[in-house]
Amino acid sequence: MKKDVKNYKSIESALIHGGISGDPLTGAVNVPIYQTSTYAQEGLGINRGWEYSRTGNPTRAALESLIAELEVGTAGFAFASGLAAETAVLSLFETGTRIVISSNVYGGTFRLLDKVFDHFGITYSIVDTSDLNAIEESLTPDVKALWIESPANPLMTVTDIRAAAETAKKHGIYTIVDNTFMSPYLQRPLELGADIVVHSATKYLGGHSDLVAGLAVVKSPELAERLAFIQNSSGGVLGPFDSFLLIRGIKTLAVRMDRHVENAVAAANFLRANPAVKRVYYPGLNDDPGYEVNSRQAKNGGAMLSFELTEGHSVERFFSSLRLISLAESLGGVESLACHPATMTHASIPKDIREKVGITDGLIRLSIGIENIGDLLADLENAIRLSGEM
Ligand SMILES: *Cc1c(COP(=O)(O)O)cnc(C)c1O
């Protein structure tokens with residue numbers, strides 16, 4: 001099934017033709033949905049490479065080879081959710097391990113470490129990974145991995161992935177990057193020195209808010225072998241139908257992302273010029289603190305941004321006045337979404353920690369979709385105006 005000659009060079013083409021594509025049996029241009037749990041064996045110990053779908057399924061395998069190619073790793077793994085992918089990756093570590101995590105790490109990642117892996121004696125330290133000295137100081141001998149998100153949700157804090165990975169390598173520990181916000185179209189952490197990339201493919205890779213999925217890609221064959229063992233042993237795999245949907249979504253990633261980003265830049269500039277907006281957080285603005293580093297490691301600033309309204313504006317009224325943009329968790333779909341990090345995505349982080357890292361009650365996060373930009377700006381303008389009326 002594997003194509004042996006890659007006659008393309010660009011990621012736009014790899015998104016469509018990468019990994020395993022089509023069906024050699026029929027010539028179908030799409031990988032079929034192999035909706036099966038098991039495979040007839042020709043004799044004892046003789047099979048066609050497939051035995052049981054937890055261990056391997058051709059539709060999932062096509063997705064896994066695709067994401068491995070896009071992230072430039074040796075192997076990809078597909079899971080039932082982003083957090084299932086993270087659970088498998090964290091299962092690489094032993095009792096007594098400490099993981100250093102970015103201070104604005106995804107709330108579910110924090111909860112997984114704080115409330116689940118805690119039972120197994122795996123601890124964490126929260127560090128501002130945008131500060132290289134802080135990383136260096138945090139690396140006590142029990143630390144075995146650095147877990148980075150860049151940009152990190154919801155203040156879009158940028159970490160220098162290359163420099164962080166260099167520091168980690170110097171200490172002989174792994175660098176893991178949650179690349180959900182950027183996608184391999186905009187940023188490829190393994191090329192910057194990271195060892196493992198994880199994705200909530202529920203977001204940009206799927207792109208249509210119609211599935212929940214997770215992916216992991218590793219750089220070394222050694223990690224590939226260990227993670228394959230964990231994936232099969234713990235079993236949180238993605239089903240064939242969702243694997244198909246995800247392959248389908250990934251084909252249009254480049255065109256979707258280009259429009260997402262074009263709209264996000266326009267929205268960020270619009271918000272910054274609005275007197276009712278106190279502050280905009282978006283690494284695509286050239287005066288953002290993360291702009292320079294982000295520009296070095298990513299194609300652009302992505303399509304997630306946050307902002308704070310000035311005093312006298314009601315966040316509740318802003319959300320209830322939106323007409324086109326939906327109030328919802330999640331991100332990365334074609335439709336624009338607005339969320340309130342303090343009570344939604346980051347509610348599982350204790351209030352004192354939340355405020356310390358800047359996630360105030362007045363913060364609004366936007367996932368900018370691919371709708372008409374005039375319609376989006378009109379919706380934002382109207383909701384901001386009404387948020388200031390008593
Ligand atoms: C959504 C998300 C996750 C969790 O993924 P699920 O698919 O919801 O399990 C992890 N990291 C980031 C950055 C996310 O946005």
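Keep in mind that the numbers below use all heavy atoms, side chains included, and drop hydrogens, waters and symmetry copies. Counting convention: from 1, in listed order, for ligands and their atoms alike.
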What protein heavy atom sits nearest [atom], and how far off is it?
| atom | result |
| --- | --- |
| atom 13 (C) of ligand 1 | D178 OD2, 3.4 Å |
| atom 3 (C) of ligand 1 | Y106 CE2, 3.3 Å |
| atom 2 (C) of ligand 1 | K203 NZ, 2.5 Å |

Is it true that H199 lies under 4.0 Å from ligand 1, counting heavy atoms only?
-> no
Shortest non-hydrogen contact from T74 toward A68 | C-CB, 4.5 Å
For A328 and L337 the tightest heavy-atom approach is CB-CD2, 3.9 Å
For ligand 1, indicate whether the residue T202 contacts it via side chain, backbone, both or neither (heavy-atom separation under 4.0 Å).
-> side chain
Counting heavy atoms under 4.0 Å, the part of A213 that contacts ligand 1 is backbone
I373 and V280: same hydrophobic cluster, using ILVMFWY side-chain contacts below 4.5 Å?
-> yes
Any idea which atoms of ligand 1 are less than 4.0 Å away from a heavy-atom of [X]?
| X | result |
| --- | --- |
| L331 | 15 (O) |
| S81 | 7 (O), 9 (O) |
| E86 | 10 (C), 11 (N) |

May I ask which of V198, T345, N153, L83 has a heavy atom nearer to atom 9 (O) of ligand 1 than the others do?
-> L83
Any N/O pair G82/ligand 1 closer than 3.5 Å | yes
Listed pairs under 3.5 Å, donor-acceptor, residues 134-143 side chains, sequence neighbours left out:
residue: E136; atom: OE1; partner: K170; partner atom: NZ; Å: 3.3
residue: E136; atom: OE2; partner: H171; partner atom: NE2; Å: 2.8
residue: S138; atom: OG; partner: I135; partner atom: O; Å: 2.7
residue: T140; atom: OG1; partner: D142; partner atom: OD1; Å: 2.5
residue: D142; atom: OD2; partner: R98; partner atom: NE; Å: 3.1

Does some side-chain heavy atom of S314 sit less than 4.5 Å from a side-chain heavy atom of L309?
-> no
So F77 and F79, would you call those rings parallel, tilted or perpendicular, with 30° and 60° as cut-offs?
-> tilted
Is E222 salt-bridged to R226, cutoff N-O under 4.0 Å?
-> yes
Gap between atom CE of M156 and atom CZ of F181 - 0.5 Å precision = 5.0 Å
